[in-house]
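Each remark here refers to the structure printed beneath this line.
Order of listing sets the numbers, starting from 1, for every ligand and every atom in it.
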Amino acid sequence: MKLLILGCGYTGQRLAQHLIDKNIPVHITNRQGEPILGLKVPTFVFAHDPQTSILPPADAYAGVTHILSTIPPNAQGADPVLQDLLPTLETLPLQWFGYLSTTGVYGDTQGAWVDETSPLRTQVVRSHHRVQAENLFLRSALPTHIFRLPGIYGPGRSIFERLRAGTAQNILKPGHVFSRIHVDDIVQTLWQSMQQPHPSSIYNVADDLPSEPSTLILEAAHLLGIDPTPPISYDSAQMSAMAQSFWQECRRVSNLKIKTELGIKLLYPSYREGLQAIKAAENRKNP
Ligand SMILES: NC(=O)c1ccc[n+]([C@@H]2O[C@H](COP(=O)([O-])OP(=O)(O)OC[C@H]3O[C@@H](n4cnc5c(N)ncnc54)[C@H](OP(=O)(O)O)[C@@H]3O)[C@@H](O)[C@H]2O)c1
């Protein structure tokens with residue numbers, strides 16, 4: 001087995017380390033082709049640009065049996081991998097291809113649960129582009145597995161950073177919940193799927209407890225031993241266009257399929273276990 005990770009950002013790096021720890025060879029790409037601190041793996045450039053992409057060299061694919069793409073659609077809505085690499089990837093003897101998508105494809109369900117068979121009713125252009133990318137990957141000759149993700153958090157990327165920087169807004173919108181997932185539960189799901197390929201499968205990768213963001217802020221502030229940010233009403237909150245689009249949708253994401261089909265036991269069933277583990281690891285680093 002050899003894994004190529006196209007776009008080795010936050011999730012890609014955690015997955016790469018997981019495989020390196022199992023002595024499985026990994027190749028990665030990023031836009032600069034720069035090695036990533038602490039990851040001793042061959043690193044190649046893949047920099048998609050609608051006019052002048054820089055493509056990975058043939059060496060990047062040598063011996064590769066599994067590929068994960070974590071690269072989002074470009075500003076025009078096209079998927080970089082489909083646009084630049086699909087004909088090459090389709091010539092490889094791949095056992096598994098994974099694509100990281102978003103649970104945004106389901107749109108707003110006013111808090112109702114969604115599973116992988118739920119209709120895709122997004123009204124957000126960005127999420128329409130994801131639906132298109134998913135469909136094109138599923139229709140390709142690749143052994144495609146789609147992973148729909150809600151908000152990703154984990155070490156170095158959680159509410160703790162925003163609380164410490166004083167940028168966390170404690171927005172109150174009663175009943176408005178978000179699903180989320182710890183990065184290491186994405187990693188274990190990807191790994192398990194590689195062991196048990198089911199081409200053309202779609203998986204939601206979410207934790208067990210969709211919850212209001214304000215409850216998360218209370219828990220995180222408690223763990224940091226600081227006062228939570230004062231609450232503000234949803235109507236008076238200052239938000240980016242991206243954040244507004246998130247708050248316009250409310251859904252609960254079911255994770256039953258990863259448990260039944262892949263046998264996943266979540267490491268972090270809710271934000272509580274996830275935040276506690278991140279804080280405990282920080283304490284071990286800086287006692
Ligand atoms: N963050 C969330 O909460 C969330 C929620 C749902 C879904 N998702 C999606 O899940 C996936 C993984 O998330 P993540 O947070 O791990 O992503 P990330 O850290 O942003 O990593 C994305 C990777 O894609 C590469 N990339 C971006 N544009 C590219 C282009 N034009 N050409 C070539 N490579 C390009 C980046 O290259 P560089 O390393 O050179 O920057 C990076 O390695 C993404 O598709 C993300 O949109 C994220």
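Side-chain N or O atoms of D185 include one that pairs as donor or acceptor with a backbone N or O of Y268 at under 3.5 Å.
Residues satisfying the salt bridge (Lys or Arg N to Asp or Glu O under 4.0 Å) test with R130, not counting sequence neighbours, are none. The ring pair (Phe, Tyr, Trp, His ring centres under 6.0 Å) check on F44 picks up H27, with sequence neighbours excluded.
No side-chain heavy atom of L172 sits under 4.5 Å from any side-chain heavy atom of S233.
A donor atom on one side chain and an acceptor atom on the other are not found under 3.5 Å apart for Q196 and S193.
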Would you tabulate the side-chain donor-acceptor contacts of residues 215-231 under 3.5 Å, counting partners in other chains and residues two or more places apart, or write 'none'?
residue : atom : partner : partner atom : Å
T215    : OG1  : E212    : O            : 2.6
T229    : OG1  : A168    : O            : 3.4

Can you produce the list of protein nitrogen or oxygen atoms under 3.5 Å from a nitrogen or oxygen of ligand 1, alongside each distance?
residue  : atom   : partner : partner atom : Å
ligand 1 : 1 (N)  : R157    : NH1          : 3.2
ligand 1 : 3 (O)  : I152    : N            : 2.8
ligand 1 : 15 (O) : R157    : NH1          : 2.8
ligand 1 : 15 (O) : R157    : NH2          : 3.0
ligand 1 : 16 (O) : T11     : N            : 2.9
ligand 1 : 16 (O) : T11     : OG1          : 2.7
ligand 1 : 19 (O) : Y10     : N            : 2.8
ligand 1 : 19 (O) : R157    : NH2          : 3.4
ligand 1 : 28 (N) : R31     : NH1          : 3.3
ligand 1 : 31 (N) : H48     : O            : 3.2
ligand 1 : 32 (N) : H48     : N            : 2.9
ligand 1 : 37 (O) : R31     : NE           : 3.4
ligand 1 : 40 (O) : R31     : N            : 2.8
ligand 1 : 40 (O) : R31     : NE           : 3.3
ligand 1 : 41 (O) : R31     : NH2          : 2.8
ligand 1 : 43 (O) : C8      : N            : 3.0
ligand 1 : 43 (O) : G9      : N            : 3.2
ligand 1 : 45 (O) : T70     : O            : 2.9
ligand 1 : 45 (O) : R130    : NH2          : 3.0
ligand 1 : 47 (O) : R130    : NH2          : 2.7

